[in-house]
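Since the structure comes first, as structure tokens, the remarks are kept for the end.
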Amino acid sequence: MAQKQQLASAVRRALVMGALTAAGTAPAIAQESLGEIVVTGSRIRSANLESTTPVTQVTAADVVTQGVTRIEDLVNQLPQAFSAQNVTVSNGATGGATLDLRGLGSPRTLVLIDGRRMPYGGVTSASAAPDINQIPTAMVERVDVLTGGASAVYGSDAVAGVVNFIMKKDFEGVQVTSQYSTYWHENDFGGPGEVKLRDTIAGLNEVNPSEFALPDSTVTDGEGKELSLMIGVNSGDGRGNITAYATVFDGDQVLQGDRDYSACSLNPNPVGSFTCGGSSTNAGGRFTDFATYDFTIDTADAFRPFNATTDLYNFGPLNHYQRPERRYSLGAMGHYEFNEHADVYTQLMFNDYESIAQIAPSGNFFNTGLVNCDNPFLPVSNLDDIGCGPAEIANGSTVSMYIGRRNVEGGGRQQTFANNSFRTVAGVRGAINDAWGYDVSAQYSSVSVNTGTKNYFVVNRLQRALDVIEVAGVPTCRSVLDGSDPLCVPWNPFQPNQVTAAQLNYLQADGLQIGRISQEIYNGIITGDLGVYGIKSPMASDGIQVVFGTEYRRDALDNSVDALQVGNQLAGGSGAVIPLSGSTLAEDLFMEARIPIAQDQALAESLSFDTAYRYSDYGNETTDTYKFGLEWAPVQDVRIRGSYQRAVRAANIVELFTGIGTNLFDAPGDPCGAAARDPNASVEECIATGVPAALVGAASLDSPAAQYTFLQGGNPDLTPEESDTYSY
């Protein structure tokens, strides 16, 4: 009888700890017990039969059968997961991979490893969410996905939900795995009777072959190669295990130019079916004052009128559909149970990641507005058309001229990412007595995020390289003569094929950002089964189970930026990159309780109530979060449940401390322009935003690149977001 009571007590503890595992509050036995009680009905297993909070689960077997080498590819197949930062993002890439539940934004999805929080993945608003490149695919036992608010259990950020990666704990042996993947694509887009984009490109290829090139009919690319090693050994007495792993992954690029549906840039405002378009900042150059003339060049002797159809630059082909990447991961995880009161555990994880994101070349994006008439590179036959008559040439007068000219000689704009992370966890857990258990741990993470820029023109160098005069028959920068820039090399965009390596070496410059992130977390919890003391409902066999805990968390971030990016001097960049430094502190107290109300009763196979509460102090702001849930199974095969949760998200360091600056955003047109005129925007409102009355509704307000500048910055007085989630 005593053995039966001990077994029942152990099962009760396993059940309550299993329900708390995702919060990082349960010892290893709880995770193993949770695996035993989960009911598997399909590849996506449901762990929500014993909880009022919906949980979806992906297992290690799914990783194998799907053949994934990137864990985000598997998670993103779930209907509640939306695409976020990953290897397919090029324009606006951060070099990381993030998860986004319910499309509410990655910072509102909390990501855990064995119930413990991961650090920031980067130093921008798009990369502040954890980078799951740090997670070793071979070590994943399962992935639990909780949708809906869960801040009472997990803390800040769990607004949309939680993704908890559970690692293997007791692997024994040696496992070597190798995977190879590739894409095979047939360029035959378009069904029977439809106009194929390939035919559209072919038509443009006849008039602009240098830009609208046809991809091959059959393409294989994007090769991925992975090799992983996992070694595990159990202690002779069966009380401990240590498992080490190492993984190497290498993936090749996929370019838009290798797919017929993206080998041309689509016209953002087509008439009828989709058509190819492009940018007026082209390969040969567009020279205009936006009033009296609009030219391009074919020869060294004369300007000719710019053709808005045939002179466009096809900016799509060089963009990455899939970035090239290389990842090295290694680490070890282990635990040893000295006795029932002390099970010591630790994790050591290191990840090194490299990638390159490429988009269309930089250039002079109408960054310069003047040219001197005695510039020796100007075509000689029709200079009167740009306002340079004989007198202006003789006097060296300057006239208005904006230049749109791609740096096709220098290649695509590139962002290089060299990120590495180190994470360590150490703790001890065990039983205090038959009713109470504990778990105390400390963890530290350090993330390095180094981002470089290549092949960008420098704006102020463009201005100096266009201010050219002839000295003793040699084109010379005026800044060389006056000593303001002795290194200046004249730039010649006015004659075909005259941009040299020396000109590029002067005009281009590399940029660099060096980001450092650290996180330290200390927490302690006590779990209790009050049924040991007879505290339970008279209609239930199980007693009330409780958890009490505290957590201290400090995040710190520093991002140093080179002077060129701070000064917004990279042509074709998204705006000035402002240095950033700051830290946040959170101190939490929390509790949970599960109260069985009735068990094995008529019309109540089980009836239970659970609740959670967390008090958080962020230094200048405090919050309360809570949860209430009810679960009722009138009979064994029917279960009804519902819950309400108040969740919060405290502002991250980027949102608090980013300096004021400009950035770009995509939009089909200006709300006061012609292409996307907002019907609710009155003429008076447009004028109030700074639009001249004569331009309201004008096509000139609409950007041909569908990109616009906005002012952004952080605010140290931001208060936590709040959300309410109802599940039933």
Side-chain angles (χ1 to χ4, degrees), residues 24 85 94-96 98 106-113 116-134 151 154-158 347-353 417-427 441-451 512-524 550-562 565-566 577-588 616-623 648-661 712-721:
Q85 279 287 333
T94 65
T98 60
S106 295
R108 295 175 182 87
T109 295
L110 181 61
V111 183
L112 313 171
I113 299 178
R116 292 174 174 82
R117 181 183 294 262
M118 293 183 66
Y120 291 22
V123 295
T124 67
S125 58
S127 63
D131 180 7
I132 61 173
N133 280 316
Q134 303 171 19
S151 291
Y154 301 106
S156 176
D157 303 340
Q347 291 182 345
L348 297 171
M349 304 173 67
F350 175 79
N351 182 75
D352 184 89
Y353 181 84
F417 305 102
N419 305 345
N420 62 68
S421 63
F422 172 75
R423 179 177 181 270
T424 180
V425 177
S441 65
Q443 71 179 77
Y444 175 78
S445 301
S446 176
V447 180
S448 171
V449 183
N450 297 331
T451 305
L512 180 64
Q513 297 181 53
I514 300 176
R516 298 291 183 267
I517 305 159
S518 65
Q519 181 184 78
E520 52 184 304
I521 301 176
Y522 308 93
N523 66 43
T550 182
E551 180 177 286
Y552 170 96
R553 183 178 78 254
R554 182 180 185 273
D555 294 290
L557 184 154
D558 180 84
N559 189 41
S560 301
V561 186
D562 67 89
Q565 294 186 82
V566 172
V577 182
I578 311 299
L580 172 64
S581 181
S583 63
T584 58
L585 180 66
E587 297 176 308
D588 295 357
S616 301
D617 186 345
Y618 301 111
N620 62 347
E621 190 76 23
T622 62
T623 63
V648 300
R649 184 180 78 89
N652 60 46
I653 297 172
V654 179
E655 295 165 331
L656 291 171
F657 302 116
T658 295
I660 303 297
Q712 68 172 12
N715 182 352
D717 296 323
L718 286 174
T719 58
E721 298 176 352

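For reference, positions follow the sequence shown, starting with 1.
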Is it true that a side-chain atom of [X] and a backbone atom of [Y] form a donor plus acceptor pair closer than 3.5 Å?
X	Y	result
T658	E655	no
Q443	M118	no
S156	A650	yes

Note: G121 and V447 closest approach over all heavy atoms is O-CG1, 4.3 Å
Taken to the nearest 0.5 Å, the spacing of L585 CG from D617 CG works out to 7.5 Å
Can you confirm whether [X] sits close enough to [Y] that some side-chain heavy atom of one is under 4.5 Å from a side-chain heavy atom of the other?
X	Y	result
P579	V566	yes
S560	Q513	no
T424	M349	no
R116	S441	yes

What I want to find out is whether R553 reaches E587 closely enough, with some N-O distance under 4.0 Å, to be called a salt bridge. no
Is it the case that [X] and [Y] place a side-chain donor and acceptor less than 3.5 Å from each other?
X	Y	value
R423	Q347	yes
T550	D588	no
T584	R554	no

